[in-house]
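As the structure lists them, so they are numbered: ligands from 1, and atoms in each ligand from 1. Keep in mind that this is a model prediction, so the values were computed, not measured. What you see below is based on every heavy atom in this structure, not just the backbone, and it leaves out hydrogens, waters and symmetry mates.
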Amino acid sequence: MSTAGERAEVRIQIVEDERIVALDLKQDLESMGYRVCGVAASESHALELARREPPDLVLMDINLGAGGDGTRAAKRLMDEYRVPVVYLTAYAEPETLKRAGLTAPYGYLLKPFELRELNATIHMALARREVERQAERAELRYRLALDAGRLGVLEFGASGNELELHGHAALLFEQAGLPPALTREAFMARLDAVSQARLGTLRSQPGQDLHALARWQLGPQRQLWLEIHARHFAQEARIIGVFRDVSSQVDSEAQLRQAAVVFESAADAIVILDVDGRLRAVNPAFCTLTGWAAEEVLGTRLTDILHTQRQTDLLLHDPHNQAEPRHGEVLCKRRDGSQFPAWEHVAPVFSDDGRLSHQVLSFTDISALRRAETQIQHLAFHDALTGLGNRHHMDYCLKQFIGASDAKPEGGGFALCFLDLDGFKAINDTLGHHRGDELLVAIAQRLCACLRRSDVAIRLGGDEFVILLSQLAQRDALLALADKLLAAIREPVQLEGVEPVSVSASLGLALFPEHASTADELVKAADTAMYAAKSAGRNRCEIYDSHLAARAVERLQIEQGLRRARVGEQLQLHWQPIVELASGRVLGAEALLRWQHPEYGAISPERFIPIAEESGLIEDIGRAVLQEACRQGRAWLDAGLHLERIAVNVSARQLQREGFVNAVRQALLQHAFPADRLELELTESALQTVDSGQRLLGELRRLGVKLAIDDFGTGFSSLSMLKYFPLDRLKIDRSFIRDLETDANDQAITRAIVALARALGLALTAEGVESAAQRQALQALGVEEAQGWLFSKAVPAHEFALTQLQAELARHLH
Ligand SMILES: Nc1nc2c(ncn2[C@@H]2O[C@H](COP(=O)(O)O[C@H]3[C@@H](O)[C@H](n4cnc5c(=O)[nH]c(N)nc54)O[C@@H]3COP(=O)(O)O)[C@@H](O)[C@H]2O)c(=O)[nH]1
């Protein structure tokens, strides 16, 4: 732009409808050193010239005749091209002056004027325009600053309630749904209390500045953070402030602070790597986990200090695969060289231009997890008590053994030994589960001591063990090992706080592939053989053969049949008389159970009673036997058959069952049978298995029933039990009676039992008397009562009653 001092530069446009006047004026101007850049005679021409080359000033005639209105042209030139206009006119009446005044002209010269007046007016106009231009530029800079900083401006008086808002303030209020025109109070009401107070105080502090970070309530759920810088301009008595929305900045800072806390206090190690893989920051957890101090590792490469070079570790840190977050297990090493497994997460950080700038790596030590997994794995495959393998382990090993055997048809066989402890339940029940567990652990150790490394010992549960014997298909070798195992198990075991105990075991052996083609078949075959060993008297080993399988099937059939059989139906009580030897009088009768199977006919109690005991069915059967015996006893009494007693066998399982005493009481009450005419026969071994035998027998005694020890002399119990248990009678086992007339030992034992019974005040009955010689021998030894086939086998109740009544009748007749 030209200035008045540099006239050659000042471009002036003339707008004059009278051509002569215009030319004169042009000459005058040029003579004064101005450049006339255009002469127009009309409104439109003037605008067209200005559009082509905007002048520094326009000298405008107001009345352009047909060319239009000079004031209208002046207004458009100012508005559209920011060109200052000076009116040169002959008119000065009020209406013209008013119209011209509305266009805010830069000068108004009445024609005729002198050139020096014109020159001075031009000078003043240009000078004013220059000042305005500077103000406009300042305004632009101010606008630009407001825009760039997204600043709002607020202005209010030291008194009063009006508020002016400029800049980006309006945008804010638009967001809040507020009208752009707000009162000062409405604005202040949304500020937090502290900022409200400070801004309020500023009104009474001319010349003071305020810088505040204020919370401004935008809506019920939303608030903005405003950074406000305000000043009290004393002269204007106004407060003007600029403010900007710094909410996202405040939020970011809060997030940064939170992130810093997370970084510092996280339990996971966190490492920040630059693009070269060098450590730029580590958190305290990193130092704790690895043993490195931060200053020792910053700047080093991660691979130099932390990771072992496993394949998975390398994959996680592949430089060609860094754009995606990734995680995986890695093996880390500590400062001292020790290693630990870790779960690592790597996340890339990108700069604004999308380039990878850093990587954030976090990891956590998963040693404890891995240890727990190993432990769980071990627990899943091992017995927690003994440490031997469990059923899963057996299944797994059997698969392996069978696979190896199939791969090597010649000589690849192996054996499976099924082992069940004899009498373990009694020990568990009498000494308690802790001692039972101790015993199992000791047995497991002994088994292992007998085995080779390639054999596998398993505890299936309870007192059942399985041993897989690799490449051992020779029967001799197997039996030798079985003997070794049996001997090892028999050795007394010292348990804590009690006398040493001895158990035996029953072993069943089956060979693969000789006896089975699958794992299940093999286990079943060995189980069958083990049962055979148990049935054959325990403490022995049986090798599987097909007969055993047949017996096992038979056993199963008996068990199934027993489940259906009922006392009084298929199961009937037979009665064997108990005789006074001197007179031959029948004193009583022993109830003996008989089973008439609808398909297989009569099944011996020696066969089905042990199965009923093993399966637990004896508990219900025994209860029914008691009921039936009492019912029958009552019926005989009512019929005039006055037996001194009836004897009923009671098995160990019945005694162990809770409520046995009640069951006896109920049977007696239900059938109104006198308690003192009922004698319960218990074996020595049954007594040993009952936890509190003394108490139990005491309760039975208090009911009034009699108690006899059956098969006396065959059990393992000590004689001291005779002293402790409240007994009434001993029944000499028939094994001592069989050869009594000829065998001096049997005589000596029987004599000793007679003496013992007398000394303890116990009654005595001999069992299994088959011959008159045996009867005499017993009488000679002082035995007064007996039973046996010599007198009668066990017979049905009606037959027994008939015989007794006939005998009584005969006695009466004599
Ligand atoms: N818990 C229960 N056990 C019972 C019950 N009924 C029987 N049993 C027990 O079954 C075993 C076998 O009994 P069984 O085949 O009846 O044998 C008994 C007699 O028949 C037999 N006996 C009797 N006299 C003679 C004889 O002169 N010679 C000879 N060879 N045998 C004879 O002895 C058995 C009597 O046994 P015991 O009980 O020991 O007196 C047997 O153990 C029965 O106890 C029942 O209801 N419950």
Peer 1: Enumerate the atoms of ligand 1 whose separation from the nearest heavy atom of E590 is less than 4.0 angstrom.
Peer 2: 37 (P), 38 (O), 40 (O)
Peer 1: Ion pair present between R607 and E554, side-chain N to carboxylate O less than 4.0 angstrom?
Peer 2: yes
Peer 1: Do the non-hydrogen side-chain atoms of V567 and D620 ever get within less than 4.5 Å of each other?
Peer 2: no
Peer 1: Which of the numbered atoms in ligand 1 are under 4.0 angstrom from any heavy atom belonging to G788?
Peer 2: 24 (N), 27 (O)
Peer 1: Does ligand 1 have a heavy atom under 4.0 Å from the side chain of Q787, from its backbone, from both, or from neither?
Peer 2: neither
Peer 1: Heavy atom to atom 35 (C) of ligand 1, shortest distance: which of L592, N649, L573 holds it?
Peer 2: L592
Peer 1: Any idea which part of I609 is under 4.0 Å from ligand 1, heavy-atom wise: side chain, backbone, both or neither?
Peer 2: side chain
Peer 1: Salt bridge or not between K731 and E681? Use side-chain N to carboxylate O under 4.0 Å.
Peer 2: yes
Peer 1: With a 3.5 Å distance limit and no angle check, can you tell me whether R459 reaches the backbone of L388 through a side-chain donor-acceptor pair?
Peer 2: no
Peer 1: Taking only heavy atoms of V769, which atoms of ligand 1 are found under 4.0 Å from at least one of them?
Peer 2: 27 (O)
Peer 1: Considering only non-hydrogen protein atoms, determine which one is nearest to atom 32 (C) of ligand 1 and report residue, atom name and distance to 0.1 Å.
Peer 2: W789 NE1, 3.5 Å
Peer 1: Against heavy atoms of L593, which atoms of ligand 1 measure under 4.0 Å?
Peer 2: 6 (N), 7 (C), 46 (O)
Peer 1: My question is simple, although I want it checked carefully: is atom 41 (C) of ligand 1 less than 4.0 angstrom from any protein heavy atom?
Peer 2: no
Peer 1: At under 4.0 Å between heavy atoms, is it the side chain or the backbone of D710 that contacts ligand 1, or both, or neither?
Peer 2: side chain
Peer 1: Does the pair E614/R555 count as a salt bridge with the N-to-O cut at 4.0 Å?
Peer 2: yes
Peer 1: Answer with side chain, backbone, both or neither: which part of I621 has a heavy atom less than 4.0 angstrom from an atom of ligand 1?
Peer 2: neither
Peer 1: Would you mind finding which of E613, E681, E606, E628 brings a heavy atom closest to atom 12 (C) of ligand 1?
Peer 2: E606
Peer 1: Can E580 and R585 be counted as an ion pair, charged N to O under 4.0 angstrom?
Peer 2: yes
Peer 1: So if I count the atoms of ligand 1 from 1 in the order they appear, which ones are less than 4.0 Å from some heavy atom of S651?
Peer 2: 1 (N)
Peer 1: Protein heavy atoms: any of them under 4.0 Å from atom 17 (O) of ligand 1?
Peer 2: no
Peer 1: Can you tell me which portion of Q576 lies within the under-4.0 Å heavy-atom range of ligand 1? Options are side chain, backbone, both, or neither.
Peer 2: side chain
Peer 1: Salt bridge check, E521 against K524: does any charged N sit closer than 4.0 Å to a carboxylate O?
Peer 2: no
Peer 1: Look at atom 39 (O) of ligand 1 and say which protein heavy atom is nearest, naming residue and atom and giving the distance to 0.1 Å.
Peer 2: D711 OD1, 2.7 Å
Peer 1: Report the residues that fulfil ring-ring contact (aromatic ring centres under 6.0 Å, His included) with F736, sequence neighbours left out, ordered by chain and then residue number.
Peer 2: none
Peer 1: Looking at E644 and R677, is any side-chain nitrogen of the basic one under 4.0 Å from a carboxylate oxygen of the acidic one?
Peer 2: no
Peer 1: Any idea which protein heavy atom is nearest atom 28 (N) of ligand 1, and the distance to it?
Peer 2: E770 OE2, 2.6 Å
Peer 1: Salt bridge check, E569 against R564: does any charged N sit closer than 4.0 Å to a carboxylate O?
Peer 2: no
Peer 1: Run the numbers on V586 and I578 for side chain to side chain contact (heavy atoms under 4.5 Å, CB included), then give the verdict.
Peer 2: CA-CA 6 Å; V586 171; I578 303 164; over 6 Å; no
Peer 1: What donor-acceptor contacts under 3.5 angstrom involve side-chain atoms of residues 799-809, with partners at least two apart or in another chain?
Peer 2:
{"residue": "T803", "atom": "OG1", "partner": "E799", "partner atom": "O", "Å": "2.7"}

Peer 1: Write out the residue and atom name of the closest protein heavy atom to atom 14 (P) of ligand 1, then the distance separating them to 0.1 Å.
Peer 2: P605 CG, 3.7 Å
Peer 1: Quick one: does K793 get a heavy atom under 4.0 Å from ligand 1?
Peer 2: no
Peer 1: Just to be sure I'm reading this right: ignoring hydrogens, which of R738, R734, R653, Q774 gets closest to atom 34 (C) of ligand 1? Compare them by their nearest heavy atoms.
Peer 2: R734
Peer 1: Measure the distance from atom 20 (O) of ligand 1 to every protein heavy atom, then report the residue, atom name and distance (to 0.1 Å) of the closest one.
Peer 2: R594 NH2, 3.4 Å
